[in-house]
Amino acid sequence: MTVEDSFERFVRALANEFLYQDIDKPSRMLVNLSGHELARFRDKLLMQFGIELVAGVFEDSGWNDGALVIRANEELIHLLQVACFAVRLEVHRRTASQNN
């Protein structure tokens with residue numbers, strides 16, 4: 001499966017992989033992406049994450065003890081959050097291996 005197949009399907013598969021795999025092991029899905037592909041995926045991921053956050057705020061949100069609570073789009077927001085963390089770890093791994 002590639003990022004271009006289906007963005008949401010790729011994000012769901014990446015999040016599932018991340019949930020069931022040791023965090024110290026490289027992602028099987030991200031390790032095969034070139035640096036350019038990983039950067040494109042990261043950019044699209046961050047843009048979609050922002051869109052879902054804004055949509056969630058407008059659809060159903062409120063303030064609770066000074067914190068904004070978003071009650072819409074929760075599943076996709078959490079999936080995107082996990083995928084962002086997985087990409088961040090992959091970028092860190094690649095940077096660390098280049099510096100060694």
Side-chain angles (χ1 to χ4, degrees):
M1 177 183 314
T2 66
V3 176
E4 302 306 321
D5 286 341
S6 165
F7 180 74
E8 186 175 340
R9 193 170 49 185
F10 189 87
V11 168
R12 286 182 185 281
L14 179 59
N16 282 331
E17 176 192 49
F18 199 72
L19 289 173
Y20 297 108
Q21 180 175 307
D22 185 355
I23 196 170
D24 293 333
K25 294 181 181 175
S27 164
R28 291 182 306 256
M29 296 182 69
L30 296 178
V31 76
N32 294 324
L33 298 179
S34 69
H36 179 69
E37 290 170 323
L38 186 62
R40 279 192 5 228
F41 177 61
R42 181 195 61 221
D43 292 346
K44 185 171 183 175
L45 185 63
L46 291 173
M47 183 170 52
Q48 191 63 40
F49 189 43
I51 289 169
E52 296 302 330
L53 286 170
V54 170
V57 167
F58 281 110
E59 191 174 320
D60 186 11
S61 66
W63 291 95
N64 186 6
D65 290 328
L68 179 61
V69 178
I70 301 171
R71 290 178 290 271
N73 296 349
E74 289 181 80
E75 179 186 1
L76 191 51
I77 288 170
H78 289 300
L79 287 172
L80 291 165
Q81 186 178 19
V82 169
C84 284
F85 190 68
V87 168
R88 185 174 169 205
L89 282 176
E90 181 62 26
V91 169
H92 178 73
R93 281 188 191 97
R94 291 181 186 196
T95 303
S97 70
Q98 289 175 354
N99 292 336
N100 288 334

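Counting from 1, the numbers follow the sequence of the chain as shown.
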Discussion item. If you apply the rule side chain to side chain contact (heavy atoms under 4.5 Å, CB included), what do you find for Asp60 with Ile70, and how did you get there?
Written reply: CA-CA 6 Å; Asp60 186 11; Ile70 301 171; over 6 Å; no

Worksheet item: Between Gln21 and Arg28, does a side chain to side chain contact (heavy atoms under 4.5 Å, CB included) hold up when you go through it step by step?
Response: CA-CA 10 Å; Gln21 180 175 307; Arg28 291 182 306 256; 3.6 Å; yes

Worksheet item: Considering residues, nucleotides and ligands other than Arg71, do more than 12 of their heavy atoms fall under 6.0 Å from its CZ?
Response: yes

Worksheet entry | Validation row: Asn73, Phe58 side chains within 4.5 angstrom (heavy atoms) |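 The answer is no; the side chains never approach within 4.5 Å.
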
Worksheet item: side chain to side chain contact (heavy atoms under 4.5 Å, CB included) between Val11 and Gln48: does it pass, once the steps are laid out?
Response: CA-CA 11 Å; Val11 168; Gln48 191 63 40; over 6 Å; no

Do you know which two heavy atoms are closest between [X] and [Y], and how far apart they sit?
X: Leu80; Y: Leu45; value: CD2-CD1, 3.5 Å
X: Asn32; Y: Glu37; value: O-OE1, 4.1 Å
X: Ile77; Y: Phe49; value: O-CE1, 3.5 Å

Worksheet item: Do the side chains of Leu79 and Phe7 join up, straight or via other hydrophobic residues, at under 4.5 Å, putting them in one cluster?
Response: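 Yes, Leu79 and Phe7 fall within the same hydrophobic cluster.
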
Discussion item. With a 4.5 Å cut-off on side-chain heavy-atom distances among I, L, V, M, F, W and Y, is there a chain of contacts connecting Leu53 to Leu46?
Written reply: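 Hydrophobic grouping puts Leu53 apart from Leu46.
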
Worksheet, complete the sentence: Rounding to 0.5 Å, atoms CG (Leu76) and CD (Gln81) come to a distance of 11.5 Å

Worksheet item: Other than Met47, which residues form its hydrophobic cluster under the rule that side-chain heavy atoms must be closer than 4.5 Å?
Response: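 Listed partners: Ile51.
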
Fill in: Qualifying residue for side chain to side chain donor-acceptor pair (under 3.5 Å) with Ser27, from Glu90, Glu17, Arg93
Glu17

Fill in: Salt bridge present between Arg12 and Glu75 (N-O < 4.0 angstrom)
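So Arg12 pairs with Glu75 through a salt bridge.
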
Worksheet item: If you look only at pairs with a residue in residues 59-100, which of them pass as a ring-ring contact (aromatic ring centres under 6.0 Å, His included), with sequence neighbours excluded?
Response: Phe18-Phe85

